[in-house]
Structure formats: structure tokens, C-alpha cells
Amino acid sequence: MMLIPTHHFRDIERKPEYLQPEKCTPPPYPGPVGTMWFIRDGCGIACAIVTWFLVLYAEFVVLFVMLLPSRDYVYSIINGVIFNVLAFLALASHCRAMLTDPGAVPKGNATKEFIESLQLKPGQVVYKCPKCCSIKPDRAHHCSVCKRCIRKMDHHCPWVNNCVGENNQKYFVLFTMYIALISLHALIMVGFHFLHCFEDDWTKCSSFSPPTTVILLILLCFEALLFLIFTSVMFGTQVHSICTDETGIEQLKKEERRWAKKTKWMNMKAVFGHPFSLGWASPFATPDHGKADPYQYVV
């Protein structure tokens, strides 16, 4: 499950220019407030489906190949509960990361009326995105897949079929963390199962035939190892990005820092919410990002 952004840094260079509002028209049908966010990208939808399929495959092997046939009921119940809870949290985090607006800038808002309402100072320079015809806040970048400018865009991830930005970075971090945990848990259980089957009769280790059991376990082992490596790397990368308050695109482009430097703990709270609580680990707890002005222009 390769979560590395690689070629998905498709962004338009930010160049300061005076707006030409006569070239912008507002969107004909603005979406209602609260509309669910979903990107209609074929590649992203396919990757999201594959993600769910692989998690459900791991669920099938863990339950029907390793735990249910086991005669140690305590072992089966404890590991079954742990694995299913982690898998549920992983898929819930995936849904929140995929269906949450990552911080999209209103499209087509670079109109004469809107600019006049900003009461800009004479000669003040702002950024305009020529693709979505919107006024681009500081630290926003345009994504050609989402076709929008995204505030604090880190990268576009096809596995969640969405950009990772200001509003959904928490869910993406939780997704990578829980996938890494269930991958590690599955690897440990596969190791114990192989040791148990080598010491016992293979026909008593699973309800499937020995060759089928071995193939299913090897596939799960290979899948879990790949998941563990890539999600652990991405989790570490995201945590580092949050602590340094520098997105992946900003690091890649080596953009000049124009925002105030804060402590690592303050940066963590800005993403996961104030104050620290168990809600940080819950994909159902929406973080409070404060009331920062979404239009922070550079003069």
C-alpha cells in the first residue's frame, strides 16, 4: 500500500500578481453548506476500493484461518477483539480522510465584488490561482486532481482519494497509524500460527487444506509487511511535518518560511485539537482548528 505522494505534487507555482477580477466569474451553482466532499477521480476511487479489499482480506484470514479454528478460546477472543477494533478504526479514519473537505478555497471567488469586500490597502498584492480563479491564501496550493486550491496541502494521496490538507490531516495520520498497528498485529499472529502448526497436525490448524492455509498465510504476511513498512514511513513523515509545521510540498519546494514558528506541542494541538484527550486517537472526534482567518494574504 504505497502511500508515498511521489508524482502527485501537481501544483501551480505561486507567483504574486495583481488580480484581474474581470477575468473571473463566480461558479454557476455553488454547493450547499455541509455537502459531502468526494473526489470523482477514477484512479483514486480504484485505490480506495483496493485499500478496503486488502483490509477485508486480512480480516478474513485472521478470523477464518487463524482465530476461529484455534482451540485456545481466550487467545482467539483477545486477539480477535484487538484486531477488529484496530481494523474498524483504520477504515473509519480512511472514510473521514476521504470524505472530509481538506481545506478547499472557494472556487471562483476572485470576483470584483468579493475583492472590494476585503477592503485591501492601495497597492496590496494578493495571490490568484489561474486554474480555479480563486484568491489563494498563504500556504495554499492547487491540486490538479481535486481541481481546487487546498489550504496547507501536504500532498494528494490516491489511497484516500483526497488531498491531505488542513482539515483532514488528523484522519490521514490516524489511518496510517492504525494500518501499521493491524499489520504488525497480523504479522505476530501469523508467526505464532506457523510455529503452532509446525508442532501440531496441519489439518487441525485450519478449516482449510494445508496448501490453501499456507498460501493464505503467506499472502497475508507479504501484505502486512508491505503495509507496515509504507504506513510506518508515512506516519513518521506526517508527524515530522506536523511538528515542524511544514507541509510536504513546502519541504519539497524549499519554500521560504513566512509564518510564525510555534512549539512542536502547539503544532500537534493545532492538527489534533485542543486540548489533549483520547479524542486525538478517535476518527470520530473532529478537531477544533481555531478561528484562523482562511485568507491570510502576503503583502
Side-chain angles (χ1 to χ4, degrees), residues 5-45 97-158 160-169 172 245-259 289-299:
T6 59
H7 62 280
H8 290 277
F9 285 119
R10 292 178 285 184
D11 174 64
I12 298 174
E13 293 293 336
R14 291 160 41 117
K15 296 181 179 179
E17 58 181 13
Y18 288 98
L19 287 175
Q20 298 176 343
E22 65 276 2
K23 294 184 179 180
C24 293
T25 56
Y29 302 104
V33 178
T35 301
M36 180 178 291
W37 178 270
F38 183 76
I39 302 300
R40 295 175 177 84
D41 176 56
C43 176
I45 294 173
M98 179 171 59
L99 302 178
T100 299
D101 181 347
V105 177
K107 194 173 183 179
N109 66 350
T111 61
K112 181 178 180 181
E113 294 77 11
F114 183 76
I115 296 171
E116 290 177 350
S117 69
L118 296 176
Q119 299 180 347
L120 300 176
K121 298 178 182 178
Q124 185 173 1
V125 178
V126 293
Y127 293 110
K128 183 190 78 171
C129 176
K131 287 290 185 179
C132 57
C133 206
S134 63
I135 298 178
K136 183 183 291 187
D138 191 24
R139 303 188 70 183
H141 294 82
H142 186 89
C143 174
S144 61
V145 180
C146 298
K147 296 180 175 59
R148 299 288 287 275
C149 284
I150 309 297
R151 295 192 299 271
K152 290 186 68 175
M153 174 182 169
D154 187 87
H155 68 282
H156 183 93
C157 178
V160 297
N161 189 35
N162 201 0
C163 274
V164 177
E166 183 177 73
N167 294 341
N168 68 343
Q169 189 173 25
F172 182 75
D245 192 20
E246 192 175 21
T247 66
I249 291 182
E250 291 165 349
Q251 294 176 17
L252 184 68
K253 294 185 175 182
K254 298 180 180 180
E255 293 187 0
E256 180 184 355
R257 191 183 189 95
R258 298 179 299 275
W259 53 93
H289 297 292
K291 298 181 179 180
D293 184 4
Y295 296 99
Q296 300 175 13
Y297 303 104
V298 177
V299 180

Exercise. At what distance, to the nearest 0.5 angstrom, does CD1 of I249 lie from SG of C163?
Worked result: 7.5 Å
For this session: First locate atom SG of C143, then atom NE2 of H156, and finally report the distance between them rounded to the nearest 0.5 Å.
Result: 5.0 Å
For this session: State whether the side chain of N168 and the backbone N or O of M98 hold a donor-acceptor pair below 3.5 Å, judged by distance alone.
Result: no
Seminar exercise, completed: Here the gap from K152 atom NZ to I150 atom CD1, rounded to the nearest 0.5 Å, amounts to 14.0 Å
Exercise. Which heavy atom of D154 sits nearest a heavy atom of Q169, and at what distance?
Worked result: OD1-NE2, 4.4 Å
Seminar exercise, completed: All heavy atoms of N161 vs all of D41, minimum pair found to be OD1-CB, 3.7 Å
For this session: Identify which one of R151, E250, K136 satisfies the side chain to side chain contact (heavy atoms under 4.5 Å, CB included) criterion when paired with H141.
Result: E250
Exercise. Quick one: salt bridge (charged side-chain N to carboxylate O under 4.0 Å, His left out) partners of E246, sequence neighbours excluded?
Worked result: none
For this session: Test side chain to side chain contact (heavy atoms under 4.5 Å, CB included) on V105 and I135 and set out the steps.
Result: CA-CA 8 Å; V105 177; I135 298 178; 5.9 Å; no
Problem set entry | Atom pair CZ/OG of R148 and S134 - distance to nearest 0.5 Å | 8.0 Å
Seminar exercise, completed: When every non-hydrogen atom of V164 is compared with those of C157, the smallest separation belongs to CG2-CB, 4.4 Å
Problem set entry | Partner set under side-chain contact (heavy atoms from CB on, under 4.5 Å) for D101, not counting sequence neighbours | W37, A104
For this session: To the nearest 0.5 angstrom, please state how far the NZ atom of K147 sits from the NZ atom of K107.
Result: 7.5 Å
Exercise. Where the side chain of N162 meets the backbone of P102, is there a donor-acceptor pair that is under 3.5 Å apart?
Worked result: no
